[in-house]
Amino acid sequence: MNSPIKNKRPVSTLERKERRYFYLFIAPWLVGFFLLTIGPMIYSFYCALCDWDGMSAPVFTGLDNYTRTISSNQDFRRALVNTFVYAVFSVPTSMLFALFLAFLLNKNHAGAGIFQALFYFPSVAAGTAVYMVWIWLFNGETGVFNYLLSLIGIEGPKWLSSTEWAMPSLILMNLTFCGQAMLIFLAGLKQVPAAYYEAAEIDGASEFAKFMKITLPMISPVVLLNTIMGMISAFQIFNQPFIMTGGGPMKSTYMYGMLIYDTGFYFFRFGEAAAQSWILCFLLVVLTVVVMKLMNRKTVYEL
């Protein structure tokens with residue numbers, strides 16, 4: 001027996017008008033997305049397969065840019081290692097500090113909104129101004145940090161001009177920009193039902209037990225999100241070392257973003273710079289998949 005044919009409801013004039021307005025309003029975004037994002041990505045993929053100095057016409061060379069970067073570019077290995085080291089230490093410390101601030105601001109006390117704005121302000125402020133403040137704080141001769149250490153009889157290091165302390169200085173400075181992660185953690189903490197904590201208190205659970213058994217599982221999706229976003233941001237770091245250390249001393253803070261910049265705008269090998277960008281893209285995709293696979297085992301989406 002054939003099933004009865006369902007007549008489609010005719011589209012009303014109001015619905016057609018709403019659809020037209022919908023496409024009209026998203027048209028600027030679509031144009032910008034295809035012209036300023038998808039278009040440059042496609043062209044950079046083509047340039048990565050060419051020998052191009054940015055002025056003459058690109059000459060197709062296949063995978064030469066990739067093999068040259070991986071096999072014979074010593075700065076590639078140094079920049080990749082430095083970026084890995086920075087990401088391994090900066091992401092966990094930034095996440096822990098952001099979570100700590102979120103816990104403090106999750107309490108219902110006066111002035112919480114003001115402190116949220118203060119902690120978030122560096123994330124939206126002009127980056128160069130913030131970096132210049134940190135350069136002053138890290139100054140080995142007249143910096144505030146070394147002055148405070150001298151008050152307790154400790155001779156401070158050279159910080160940004162020391163091969164041992166330049167990378168830790170950048171990692172410490174990165175804590176300034178944890179405001180976005182803090183707000184995401186704060187939103188996650190506010191979604192945890194208070195009834196769970198009340199039941200745990202009746203059972204005599206300690207604060208640590210409540211955190212491990214209730215808070216952490218409930219905000220685990222937020223932890224995953226912040227970890228992935230922090231990792232991607234760490235591997236794309238450029239402004240901080242470029243302004244504060246210039247990649248030095250002795251290239252101890254020479255990051256992958258600086259390698260791409262130097263290859264393209266200093267040596268005018270834009271094809272090789274495009275290839276290096278796609279290597280970073282592929283690396284981030286692989287790392288994101290690995291992190292999601294590992295953390296999804298402990299991530300609780302429903303309780």
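Checked against the 6.0 Å centroid threshold, F138 and W134 count as a close aromatic pair.
Between L283 and L80, the closest side-chain pair of non-hydrogen atoms falls below 4.5 Å. Looking at heavy atoms from C-beta onward, L259 lies in side-chain contact with N73 at the 4.5 angstrom threshold. Looking at Q276 and Y256, their side chains come closer than 4.5 Å, going by heavy atoms from C-beta outward. Proximity of N174 to L170: side-chain heavy atoms (C-beta onward) are nowhere separated by under 4.5 Å. Taking the side chain as every heavy atom from C-beta outward, M218 and K213 never approach each other to under 4.5 Å. Residues E155 and L149 form no side-chain contact, since every pair of their non-hydrogen atoms from C-beta on lies 4.5 Å or further apart. Looking at heavy atoms from C-beta onward, N139 lies out of side-chain contact with F145 at the 4.5 angstrom threshold.
Classified by interplanar angle (parallel below 30°, tilted 30° to 60°, perpendicular above 60°), the ring pair F270/F265 is perpendicular.
The stretch residues 218-240 participates, sequence neighbours left out, in no side chain to side chain donor-acceptor pair (under 3.5 Å) pair at all. Here ring pair (Phe, Tyr, Trp, His ring centres under 6.0 Å) pairs that include residues 216-252, with residues two or more places apart or in two chains, are F84-F235, F238-F242, F238-Y261, F242-Y261.
Annotation: F100, atom CZ; neighbour count of heavy atoms from other residues, nucleotides and ligands within 6.0 Å does not exceed 12. More than 12 heavy-atom neighbours from other residues, nucleotides or ligands sit within 6.0 angstrom of OH on Y43. Within 6.0 Å of atom CD1 in I114, 12 or fewer heavy atoms from other residues, nucleotides or ligands are found, so the atom counts as exposed in its surroundings. For Q180, the CD atom is loosely surrounded, since the number of other residues' heavy atoms within 6.0 Å does not exceed 12. Around atom OH of Y120, more than 12 heavy atoms belonging to other residues, nucleotides or ligands sit under 6.0 Å away. Within 6.0 Å of OH on Y147 lie no more than 12 heavy atoms contributed by other residues, nucleotides or ligands.
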Contacts table for residues 286-296: side-chain donor-acceptor under 3.5 angstrom, sequence neighbours left out:
| unit_1 | atom_1 | unit_2 | atom_2 | d |
| --- | --- | --- | --- | --- |
| T288 | OG1 | L284 | O | 2.7 |
| N296 | OD1 | Y301 | OH | 2.7 |
| N296 | ND2 | M292 | O | 3.0 |

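Each of T263, N65, T69 was compared with E272 under the side chain to side chain donor-acceptor pair (under 3.5 Å) criterion, and only T69 meets it.
The hydrophobic cluster of M250 has no other members, since no ILVMFWY side-chain heavy atom comes under 4.5 Å of it. Counting Ile, Leu, Val, Met, Phe, Trp and Tyr side chains that sit under 4.5 Å apart, directly or through other members, F22 shares a hydrophobic cluster with Y23, I26, W29, L30, F33, F34, I38, I42.
Residues that satisfy the side chain to side chain donor-acceptor pair (under 3.5 Å) test with W52, not counting sequence neighbours, are absent from this structure. In terms of the salt bridge (charged side-chain N to carboxylate O under 4.0 Å, His left out) criterion, residue partners of E141 (sequence neighbours excluded) are, by chain and number, K158. Applying the salt bridge (charged side-chain N to carboxylate O under 4.0 Å, His left out) rule to E201 yields the partners K210; only residues at least two apart in sequence or on another chain are considered. Residues passing the side chain to side chain contact (heavy atoms under 4.5 Å, CB included) test with C178, sequence neighbours excluded: S94, F97, A98, L101. In this structure, the side chain to side chain contact (heavy atoms under 4.5 Å, CB included) partners of F25, at least two apart in sequence or on a different chain, are Y21. By the salt bridge (charged side-chain N to carboxylate O under 4.0 Å, His left out) test, D75 pairs with K251, sequence neighbours left out. Listed by chain and residue number, nothing satisfies the salt bridge (charged side-chain N to carboxylate O under 4.0 Å, His left out) test with R77 (two or more places apart in sequence, or in another chain).
Side-chain polar atoms of T163 and S252 form no donor-acceptor pair below 3.5 angstrom. No side-chain donor from either of T245 and Y254 sits under 3.5 Å from a side-chain acceptor of the other. Using a 3.5 Å distance cut-off with no hydrogens or angles, the side chains of N146 and W159 do pair a donor with an acceptor.
There is no path of hydrophobic side-chain contacts, each under 4.5 Å, that joins Y86 to L96. Hydrophobic clustering keeps M41 apart from V285 (ILVMFWY residues linked when any side-chain heavy atoms are closer than 4.5 Å, directly or through intermediates).
Contact between M258 and P241 at its shortest, heavy atoms only, is SD-CB, 3.8 Å. The nearest pair of heavy atoms linking A234 to S90 is CB-OG, 4.0 Å.
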